[in-house]
Protein chains: 2
Amino acid sequence: MSDFVHPRLTDVSLAAALHALADPVRLDMVATLAGSPDLNCAGTGACSVPKSTLSNHFKVLRNAGLIESRADGRDQRNRLRRAEFDARFPGLLDSVLANRPA
Amino acid sequence: MSDFVHPRLTDVSLAAALHALADPVRLDMVATLAGSPDLNCAGTGACSVPKSTLSNHFKVLRNAGLIESRADGRDQRNRLRRAEFDARFPGLLDSVLANRPA
DNA sequence: CCAGTTAGTTCAATAGTTCCGAACTATGAA
DNA sequence: TTCATAGTTCGGAACTATTGAACTAACTGG
């Protein structure tokens, strides 16, 4: 479970980053992680969707360089790679989060 | 050809807007329209893709409230709905365009 | 007016992606 | 060891995207 792949941010295209953010469930996940880092799956509050779907959403966010996942016992801890993402796409995540519906 | 449908910006979700922007061809189209308004299809420079695909990309951008299309003879004129889009999602388009690869 | 050309849409087929239940893996607790 | 929990993987169903071909409509030259 613990061999997570995290891309270099230089390898992430703008279109790929936007694609990862272009989903209501993933937007919620990112917003939650922006507020309180280091959550596990259940902690993202997106648990109306099935586990397998969530797992896939996490993979999409990882592949877009938005989050980093670590195994912690049988949980998975996730954090936003905010500094790196902001360095790669300045202002983008801020404006996306600011425009998210409350 | 000329019965284009343009949504109210209040009906456009953030996820839908991001989805429309999450494609390299559409990003090019939007960037081109941001630079020189009122282009037709051929003028967007995205002509490596076939006509039917382009036509579809224009529809996606229209449905996301990003562009307005008008028939002009046998051409189609398109402009960014920048003021309206910016009012709906402040700063979003700016940060996307600023992060586009040159 | 007519034939040809050009800009764009629509249709249908195919290719690719996403979703989600079921089965599986791995960790931890009793 | 046995049970429960957290998450992944697999595979099929549902959805989305891409594109050639056929079509529509408007302009152009004779």
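Each chain gets a letter, A, B and so on, in the order its sequence line appears, and its residues count up from 1.
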Problem set entry | Residues Arg77(A) and Asp75(A) bridged, charged N to O under 4.0 Å | yes
Exercise. Pairs in or reaching into residues 13-22 of chain A: which pass salt bridge (Lys or Arg N to Asp or Glu O under 4.0 Å), with residues at least two apart or in two chains?
Worked result: none
For this session: Compare the minimum distances between each of dT9(D), dC19(C), dA6(D) and the side chain of Arg74(A), then state the nucleotide with the smallest one.
Result: dA6(D)
Seminar exercise, completed: Taken in chain and number order and not counting sequence neighbours, the residues that satisfy side chain to side chain donor-acceptor pair (under 3.5 Å) with Ser69(B) are Arg62(B), Asn78(B)
Exercise. What are the two closest heavy atoms between Leu61(A) and Val30(A), and how far apart are they?
Worked result: CD2-CG2, 3.8 Å
For this session: Return each pair, listed once, that meets salt bridge (Lys or Arg N to Asp or Glu O under 4.0 Å) where at least one residue sits in residues 90-102 of chain A; pairs must be two or more places apart or across chains.
Result: Asp28(A)-Arg100(A), Arg82(A)-Asp94(A)
What nitrogen or oxygen pairs link the protein and nucleotides 21-23 of chain C at under 3.5 Å?
from    : atom 1 : to       : atom 2 : distance (Å)
dG21(C) : N7     : Ser52(A) : OG     : 3.1
dG21(C) : O6     : Ser52(A) : OG     : 3.1

Problem set entry | Presence of His19(A) side-chain N/O under 4.0 Å of dT18(C) phosphate oxygens OP1/OP2 | yes
For this session: Work out how much the helix from dC1(C)-dG30(D) to dA30(C)-dT1(D) bends between its end axes, five pairs an end, to the nearest 10 degrees.
Result: 20°
Exercise. Taking the side chain of Asp75(A) as heavy atoms from C-beta outward, which of dT8(D), dG7(D), dG8(C) is closest to it?
Worked result: dG7(D)
Problem set entry | ring pair (Phe, Tyr, Trp, His ring centres under 6.0 Å) contacts in which one or both residues fall within residues 9-32 of chain B, not counting sequence neighbours | none
For this session: Identify, between Asp72(A) and Asn56(A), the residue whose nearest nucleotide on DNA chain C lies closer to the 5' end.
Result: Asn56(A)
